[in-house]
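Everything on this sheet refers to the single structure shown next.
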Amino acid sequence: MSRIVFVLIAVMALAGAAAYIAPASGQADGEAAPIFGIKIQPGYRDWKLISVAHEAGNLNDIRAILGNDIAIKAYREGTRSFPDGAVIARLSWNYVASEENNKVFGRDQSFVAGSAPDWYLQFMVKDSKKYASTGGWGYAQFDKDGKPADEAKHGTCFPCHVPAKDRDYLFTRYAP
């Protein structure tokens with residue numbers, strides 16, 4: 001009987017430790033981003049894919065853009081102004097050549113997601129009342145460990161999205 005109790009306690013301790021060291025995707029109760037007060041959204045890694053992108057130049061990253069159910073519905077229906085509650089996540093990784101794949105192809109042609117950059121995770125959260133001064137959207141950026149970027153960085157989000165005002169401040173188009 002005491003062995004069973006010991007095993008149960010050990011399993012519970014391991015589960016607790018695993019939950020404690022979970023990656024950023026499990027840190028919804030972590031630190032909020034400055035200015036907008038947004039935290040990492042629970043379960044975002046299970047959201048549906050909106051599109052992918054490659055940013056060249058100084059960023060040189062590869063991105064996956066995901067949406068919660070409200071955002072996906074708005075994209076699929078071609079909604080002009082997204083409804084409150086829509087949340088879009090953007091994950092990025094360094095864009096790197098795959099030596100392993102390129103050996104198979106016999107030339108440099110394969111690129112994959114590498115390590116996470118400082119701008120790994122971003123969110124846009126639609127709340128037309130709370131974020132009225134920024135087109136109805138709140139913004140957040142986190143590193144791979146779930147730490148939010150500083151206030152100065154968050155201050156650049158809305159101005160960057162202003163050129164996409166006619167598309168409700170969204171750069172990404174839905175890729176069916």
Nearest atoms (heavy-atom pairs only) where [X] meets [Y]:
X     : Y      : value
Ala86 : Asn68  : CA-OD1, 3.7 Å
Ala89 : Phe123 : CB-CE2, 3.6 Å
Trp47 : Pro42  : NE1-O, 4.2 Å

Which value, rounded to the nearest 0.5 Å, describes the distance between [X] atom [atom1] and [Y] atom [atom2]?
X      : Y      : atom1 : atom2 : result
Arg63  : Tyr120 : CZ    : OH    : 13.0 Å
Phe36  : Phe158 : CZ    : CZ    : 8.5 Å
Ile50  : Thr172 : CD1   : OG1   : 7.0 Å
Arg90  : Glu55  : CZ    : CD    : 8.5 Å
Asp84  : Trp137 : CG    : CH2   : 9.0 Å
His161 : Thr134 : NE2   : OG1   : 10.5 Å

Qualifying residue for salt bridge (charged side-chain N to carboxylate O under 4.0 Å, His left out) with Asp168, from Arg173, Lys126, Arg80
Lys126
Do the two ring centres, one from Tyr131 and one from Tyr139, sit under 6.0 Å apart?
no
Centroid separation under 6.0 Å, is that true for the rings of Phe111 and His54?
no
Between Ile88 and Ile65, does a side-chain contact (heavy atoms from CB on, under 4.5 Å) hold up when you go through it step by step?
CA-CA 7 Å; Ile88 297 167; Ile65 298 87; 3.6 Å; yes
Verify the cluster assignment for Ile70 and Tyr44: are they in a single hydrophobic cluster under the rule of side-chain heavy atoms below 4.5 Å apart?
no
Identify whether Leu59 and Val112 are in the same connected component of the hydrophobic contact network (ILVMFWY, side-chain heavy atoms under 4.5 Å).
no
